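Have a look at the structure below before the remarks.
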Amino acid sequence: MRVPLFFTLALSALASPAPAAPNAAQLHQQSCTSCHGSEVYTRPNHRIRSKPQLLKQVRRCTMAAGAKWFDDEIAAVAEYLDANYYHFPR
Ligand code: HEC
């Protein structure tokens, strides 16, 4: 069955996530890859050992990066790093 294009577009607009939700992967890609890569997160002697520490470090590094992020963006990137690299127990 063919669905008219305008209808498909309207549906996908409804289904897409709220634009306010920060995209952590994209934020990280934009602001966090100029000084170090992900190797600092995974090196055996990495400095960050807990979630609260991670949140602080992300905040510190946004300042170093000159990025003006909202708190929810900082939290989202900390979550992203935890989910992909640190895997702290919750
Ligand atoms: C201006 C340079 C710079 C930018 C840009 C930068 N960082 Fe960093 N970051 C550092 C330095 C320097 C360290 C410390 C490296 C070390 O201890 O050897 C570090 C360390 C870290 C660590 C700790 C790694 C560990 O040992 O566990 C995290 C997490 C981190 N950065 C996250 C980020 C995030 C998120 C961003 C983007 C907002 C970012 N960084 C952007 C300079 C930067």
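The structure displayed is predicted, hence computed values, not measured ones. Atoms within a ligand are numbered from 1 in the order they appear, just like the ligands themselves.
Of all atoms in ligand 1, numbered sequentially from 1 with element shown, those under 4.0 Å from a heavy atom of Tyr86 are 23 (C), 24 (C), 25 (C), 27 (O), 29 (C). Within ligand 1, the atoms closer than 4.0 Å to a non-hydrogen atom of Tyr41 are 28 (C), 29 (C), 30 (C), 32 (C), 33 (C), numbered from 1 in the order shown. In summary, the atoms of ligand 1 found under 4.0 Å from a heavy atom of Thr62, numbered by their order in the structure, are 38 (C). The ligand atoms of ligand 1 that sit less than 4.0 angstrom from a heavy atom of Ala65 are 5 (C). Near Leu54, the atoms of ligand 1 lying under 4.0 angstrom from a non-hydrogen atom of the residue are 29 (C). The atoms of ligand 1 that sit less than 4.0 Å from any heavy atom of Ser34 are 5 (C). Ligand 1 places these atoms under 4.0 Å from at least one heavy atom of Trp69: 38 (C).
Gln26 contributes no side-chain N or O that, together with a main-chain N or O of Asn23, makes up a donor-acceptor pair within less than 3.5 Å. Judged by distance alone, the side chain of Glu39 and the main-chain N or O of Gly37 form a donor-acceptor pair under 3.5 Å.
Of the options His46, His28, Gln57, the smallest heavy-atom separation from atom 20 (C) of ligand 1 is shown by Gln57. Counting heavy atoms only, Cys35 comes closest to atom 4 (C) of ligand 1 of the residues Ala64, Gly66, Ala78, Cys35.
Between His28 and Tyr41, the shortest heavy-atom contact is NE2-OH, 2.7 Å. For the pair Val58 and Leu81, the tightest heavy-atom approach, listed with the atom from each and the gap, is CG2-CD1, 4.0 Å. Scanning all heavy atoms of the two residues, the minimum distance from Ile74 to Trp69 falls at CG1-CB, 3.9 Å. The shortest heavy-atom contact between Lys68 and Glu73 is O-OE1, 4.4 Å.
Ser31 counts as a contact of ligand 1, since one of its heavy atoms falls under 4.0 Å from the ligand. For the pair Arg43 and ligand 1, a heavy-atom separation below 4.0 Å is found.
Protein heavy atoms are absent from the 4.0 Å sphere centred on atom 12 (C) of ligand 1.
At the top of the distance list for atom 35 (C) of ligand 1, counting protein heavy atoms only, stands Cys32 SG, 3.6 Å.
The proximity of Leu27 to ligand 1, defined as any non-hydrogen pair under 4.0 Å, does not occur for either the backbone or the side chain.
Rounding to 10°, one obtains 180° for the angle at atom 8 (Fe) of ligand 1 between NE2 (His36) and SG (Cys61).
Between the side chains of Arg47 and Gln57, at least one donor N or O lies within less than 3.5 Å of an accepting N or O.
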His46 and Tyr86: ring pair (Phe, Tyr, Trp, His ring centres under 6.0 Å), yes or no, with the steps? CA-CA 9 Å; His46 63 80; Tyr86 288 99; 5.1 Å; yes

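Taking only nitrogen or oxygen atoms, main chain and side chain alike, Val77 does not reach within less than 3.5 Å of ligand 1.
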